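Reading through the structure tokens given below for one structure.
None of these values were measured; they are calculated from a predicted model.
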Number of protein chains: 2
Amino acid sequence: MDTSFTEENYLKAIYHLSADESKQVNTNQIATVLNTKAASVTDMLKKLSGKNLINYERYQGVELTGLGKTIALKIIRKHRLWEYFLVEKLAFGWDEVHDLAEQLEHIQSTELTDRLDEFLGFPKYDPHGDPIPDQSGTIKCAEMKSIAVLKAGNAGIISGIKEHSSSFLQYLEKMDLKIGKKIAVEEIIPFDETVVLRTENGEKINVSKAAAKYILIQDEQL
Amino acid sequence: MDTSFTEENYLKAIYHLSADESKQVNTNQIATVLNTKAASVTDMLKKLSGKNLINYERYQGVELTGLGKTIALKIIRKHRLWEYFLVEKLAFGWDEVHDLAEQLEHIQSTELTDRLDEFLGFPKYDPHGDPIPDQSGTIKCAEMKSIAVLKAGNAGIISGIKEHSSSFLQYLEKMDLKIGKKIAVEEIIPFDETVVLRTENGEKINVSKAAAKYILIQDEQL
DNA sequence: TGTTATTTTTAGACTAATCTAAATTAAATA
DNA sequence: TATTTAATTTAGATTAGTCTAAAAATAACA
Ligand SMILES: [Mn+2]
Ligand SMILES: [Mn+2]
Ligand SMILES: [Mn+2]
Ligand SMILES: [Mn+2]
């Protein structure tokens, strides 16, 4: 029961696509996120199906089996632990670590993963606020909402993002909108729905509707 | 100018073989250390030659070009830095880290390598006493000799080993023969050439001729 | 030096992962 | 419902890396 680098990437892609949309995942969606062609995806789906990692019927889309989900979560665990390591120990910026983690997530050794986890102090969230699955593959999924749905007066702690492109990460960096920061919505300007945020130290930050959609907050600290 | 996982392993193997024997490396030697067949090696030699990473003429063996050596040293640098990380930061045993480093050495990013180096405090030697090439690929090659060639009364510091199998590493572990330990040769028993070592704290350790061959010492600390 | 043994290379085939182009199935819509 | 459009699958080819078996070159040695 060995999974190749490539198979792992497919499982991870299917996991993320089905988490976002919580339904059957289509061939073309997978092709898009993996930067490959639909024909290649079909070939791989047959292979993964043969290994009982996905449920697949021609033309009907796919979903992960229990085994497939377990493997996907192991990859995601490694990805996020390595991202945490790179930011916290090697002083990389949060916009610089994803591509490296894409490589490191394929290192095969649960022993290494678990020791890294311990070395890092069992972090719950990666640098982008995404939850890190524990040894058993369990994810602590905090209740989060986009600041685009908030009303004036609402408050919370920035806890996650829905967009991981480095241009967006750099935007947040520039705006000083960091994970863990406490913010309150002061007003929403009607004209273009700009969200005006107020931070704990009185700073005012204007966020466009487009950006607000991708910023997630949590009500209270756990 | 991109080198694949496989190409990197060939370059590394050729480097190590030519360091040991300091001459042309043969097809069969490479096949042996890489656990592959001579025919596969020939194919790869042609490919590496086409990329100017080795000098190769049919039936005459190979040697690395300057470029090939540079790449090999980068892989070795990464291998040894990761081994150091695994032992010093994640508390792995020195007999457990080689296979993991075989995977980690192929992670592509000089930025990561250099930051890891810094994080570790720019170590000069890996857990097995092998020198870690610096950023420019320079190796500090200390003068070492096998304790099998010593006479009674000679002394030095255990600084390296010539055999990296985990069974040998575990043997040294059991004998409490660690890198950095100061030892003196008390006597060499004529019958079977057993080397009797005396450590700084008065401990006596008997080492067989077979094992003595693989243990390297240095005269003085630098 | 001629013959045998060893090493190395070639020839041809295989697998994993990919692609393009064509065929098929399903979905959308007139 | 019939027709058009979009999504998906198949067919056939390609590339990297590997293999076995056979041929060719070199080395060993009688
Ligand atoms: Mn990431
Ligand atoms: Mn992340
Ligand atoms: Mn090693
Ligand atoms: Mn080592």
Would you mind classifying the nucleic acid contact of [X] as base, sugar-phosphate or nothing, using non-hydrogen atoms under 4.0 angstrom?
X: B/Y56; value: sugar-phosphate
X: B/N26; value: sugar-phosphate
X: A/T27; value: sugar-phosphate

So, does [X] get its side chain near the phosphate of [N], meaning an N or O under 4.0 Å from OP1 or OP2?
X: A/T42; N: D/dT9; value: yes
X: A/T36; N: C/dT18; value: no
X: B/R58; N: D/dA24; value: no
X: B/N28; N: C/dT8; value: yes
X: A/S4; N: C/dA16; value: no
X: A/K37; N: D/dT8; value: no

Gap between atoms [atom1] and [atom2], on [X] and [N] respectively (whole Å):
X: A/L45; N: D/dT10; atom1: CG; atom2: P; value: 11 Å
X: A/E8; N: C/dA16; atom1: CD; atom2: C1'; value: 15 Å
X: B/M44; N: D/dT18; atom1: CE; atom2: P; value: 6 Å
X: A/L48; N: C/dT18; atom1: CG; atom2: P; value: 11 Å

> Salt bridge or not for B/K12 and B/E105, using N-O below 4.0 Å?
Replying inline: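 Between B/E105 and B/K12 there is a salt bridge, with a charged N closer than 4.0 Å to a carboxylate O.
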> Taking all non-hydrogen atoms of both residues, which atom of A/P127 and which atom of A/I179 are closest, and how far apart?
Replying inline: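 What the structure gives for the nearest pair is O-CG1, 3.6 Å.
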>> Which heavy atom of A/R77 sits nearest to which heavy atom of A/P133, and what is that distance?
In response: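 For A/R77 and A/P133, the tightest heavy-atom pair comes out as NH1-O, 3.0 Å.
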>> Using the ring centroid of each side chain, check whether A/H128 and A/H98 are separated by less than 6.0 Å.
In response: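 They do not qualify: ring centres at least 6.0 Å apart.
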>> Ring centroids only, cut at 6.0 angstrom: are B/F85 and A/F85 within range, meaning strictly under it?
In response: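 Between A/F85 and B/F85, which both carry aromatic rings, the centre distance is below 6.0 Å.
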> Ignoring hydrogens and angles, are the base of D/dT9 and the side chain of A/Y59 linked by a donor-acceptor pair under 3.5 Å?
Replying inline: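 Looking at the base of D/dT9, it does not pair with any donor or acceptor on the side chain of A/Y59 (distance under 3.5 Å).
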